[in-house]
2 protein chains.
Amino acid sequence: MAGYPSAMETRLLQTFATLARTGSFTAAATELRLAQSTVTVQIKALEKALGTRLFDRVARGALLTEDGRRLLGTAEEVLEAESRLFAAAAEDGPVTGTVVVGAGETLCSAHLPLIVAALRELHPEVEVQLEPRGTSAALTGLRSGQLDLALLLEERVNHADIAADRISAQPLDLLCAPGHRLADRTHPATWEELAEEDFFLHEQGCSYSDWLAGQLQAVPGAQPRMTRFGSIEAARSCVTAGLGLTVLPHANASHALEEGRLTLVAGPPLPDVPIHLAHHRRRQPTRAARAVMKAVARHFEQG
Amino acid sequence: MAGYPSAMETRLLQTFATLARTGSFTAAATELRLAQSTVTVQIKALEKALGTRLFDRVARGALLTEDGRRLLGTAEEVLEAESRLFAAAAEDGPVTGTVVVGAGETLCSAHLPLIVAALRELHPEVEVQLEPRGTSAALTGLRSGQLDLALLLEERVNHADIAADRISAQPLDLLCAPGHRLADRTHPATWEELAEEDFFLHEQGCSYSDWLAGQLQAVPGAQPRMTRFGSIEAARSCVTAGLGLTVLPHANASHALEEGRLTLVAGPPLPDVPIHLAHHRRRQPTRAARAVMKAVARHFEQG
DNA sequence: GCCAGCCATCGAGGATGCCGATGGCTCGTA
DNA sequence: TACGAGCCATCGGCATCCTCGATGGCTGGC
């Protein structure tokens, strides 16, 4: 029994303050919507808890004692602090802080700079920190708390502890250099034809590159030649140099297409790659993180 | 339903702070001597009351959310204010302020200056304000709250709402001027003899003067000549001028006796007049008032 | 001296808090 | 992979506490 009675309820302090102001048990009870006897009991309980008499009961009502006057101010400080607590809880906190977003290089280079720029206008106080990570590294980061959000280029994100929303889908482009022999094909190349070509793809774990690799390897008797790079830029450079083909989300290829460094290859239909925005299910996103989530969603909605 | 839920208990805030510090429901429960389930329920109740999630429940325990971090400080302010309240209640307040003491002129002139002087040494912060009042006016003052204390020269003080302690008794002196014809009596004068004299007495309502008047009027066939004054000083002046006799508590006569302006008259035995120290029963004396009460009691104990 | 207003007390009943047990979940380990 | 330890959420029971209305004592005014 070291300290004070731990169960101190501010309800008693409310009654204390009201009784001090009105000077009447009955009036205080009316104001507090309580029975008069309840006020009597509560004040008695408070006096017992504080170990001192707070009021003199006189014929016309209740008068603060010296101790009562002395303690009233502090009691009101408690109430005021409590009121501030409720007020702080009611209002939203500032949208500020750093949000660490993990995303594969594909998205980092194509979309995220635009998103960050849009966000900066809406919430200048929010700092976004990009962490280039593949899907599995991103998931680990979400679990360990190193990442607040992750953008995943995956068909499905199915983990019990990860919440993921499908926010968009990227069309894929099959690409080669303008001078490449497949550049001017008028009718689509088949998988069998493509399996004879050289491919320069993004690293293992990149979903659309893995998907393409799977398609090529599925061609019977084929021995597809695929070189994987840790950097999209490196793979794309090989392709613009005319060494072979690659596959990229359209957003990552559009620049080079416009500048004539790459051109589309007519080929078999390619699927869209969905983009998922993920966060840890058990961790509530910060306000800043929610702002980022909104900005991401808006970016992909608009195109 | 305008405001916040009025029943906010700091117990929940204690649990909030402890859980935030330990990061574990189980550890917090152990520290707070509660069951783990209780901590769960309390935190849930607090989150509901505040309308926001305070903790992320993760596998290894509980992590503060952004809102939790933001509100923790304010919650601790509430606890700290409450702690101050208990501390303030535990310690005695300062002995300071003004104490209004009512007393008849008799005591005001003889005793109270000494009491005030003694008190000033012990409690320099306490200011005593003297209100010359007769018994009935003093009682009214106690009831109305104008007086904190009253010193009453009465045989008995018997009022349900007034608490009075008999703290001393004043011996009475029967007095005349040295040249008066009763000054040199060797054997005591009787009431019959005294009833022939001129008396200069304090005002109506002065207990010992009234008592003396009663004795004189009780002498069969007597027509006592008594002049009453609103001021003791006035009555005493008449007596020192040799115009007659008076009766006074010894303390009020001693100065004049020592200086030879008055002398004792041998007469019938006179009773002691008790002094009562009174305060309103329903009003708790302030600390300053209690200090005055102590000083008064000590003064009369010492003589 | 009676009446109106005020506070204290009491008993009942309804709400609430706390507890122990149990179950689901995660993580580390054999 | 299966298992056990540790952690939190839920549930039902029990005791406690809170609130209320009724009643009585008291004071002060008419």
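All chains are named by letter (A, B, ...) in the order of the sequence lines, taking the proteins before the strands, and each is independently numbered beginning at 1.
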Exactly one candidate in B:Thr98, B:Val101, B:Val100 meets side chain to side chain contact (heavy atoms under 4.5 Å, CB included) with B:Asp148; the answer is B:Val100

OP1 or OP2 of C:dC7 under 4.0 Å from side-chain N/O of A:Thr26 | yes

Interatomic distance, B:Phe25 CZ vs C:dT26 C1' [rounded to whole Å] | 16 Å

For atom CD1 of A:Ile43 and atom P of D:dC18, their distance in whole Å = 13 Å

Quick one: B:Leu34 CG to C:dC19 P, roughly how many Å, whole number?
-> 5 Å

Taking for each residue the nucleotide of DNA chain D with the nearest heavy atom, is it A:Arg33 or A:Ala59 whose nucleotide lies nearer the 5' end?
-> A:Arg33

Atom CZ of A:Arg57 to atom P of C:dC7: distance rounded to whole Å?
-> 10 Å

What integer distance in Å separates A:Leu142:CG from C:dT26:P?
-> 16 Å

Any side-chain heavy-atom pair of B:Ile43 and B:Arg57 under 4.5 Å = yes

Could you give the CZ-to-P distance, from A:Arg282 to C:dG24, as a whole number of Å?
-> 15 Å

Look at the side-chain N and O atoms of B:Gln42 and state whether any lies under 4.0 Å from the OP1 or OP2 oxygen of C:dC18.
-> yes

note: B:Arg143, atom CZ; D:dG29, atom C1'; distance rounded to Å ~ 15 Å

Closest non-hydrogen contact found for B:Pro274 with B:Arg166 is CB-NE, 3.5 Å

Taking the inter-plane angle between the rings of A:Phe300 and A:His111 on a 0 to 90° scale, is it parallel (under 30°), tilted (30 to 60°) or perpendicular (over 60°)?
-> tilted

Of B:Thr38 and A:Val41, whose nearest nucleotide on DNA chain C comes first from the 5' end?
-> A:Val41

Separation of A:Asp56 atom CG from C:dA8 atom C1', in whole Å?
-> 16 Å

Are the side chain of B:Thr38 and the backbone N or O of B:Leu34 linked by a donor-acceptor pair below 3.5 Å?
-> no

Closest-nucleotide ordering on DNA chain D, the 5'-leading residue of A:Ala45 and B:Leu19 | B:Leu19

Closer than 4.0 Å, any side-chain N/O of A:Thr40 to the OP1 or OP2 of C:dA8?
-> yes

Of the listed C:dA8, D:dC8, D:dG21, the closest approach to the B:Gln36 side chain comes from D:dC8

Phosphate oxygens OP1/OP2 of D:dC8: is one of them under 4.0 Å from a side-chain N or O of B:Ser37?
-> no

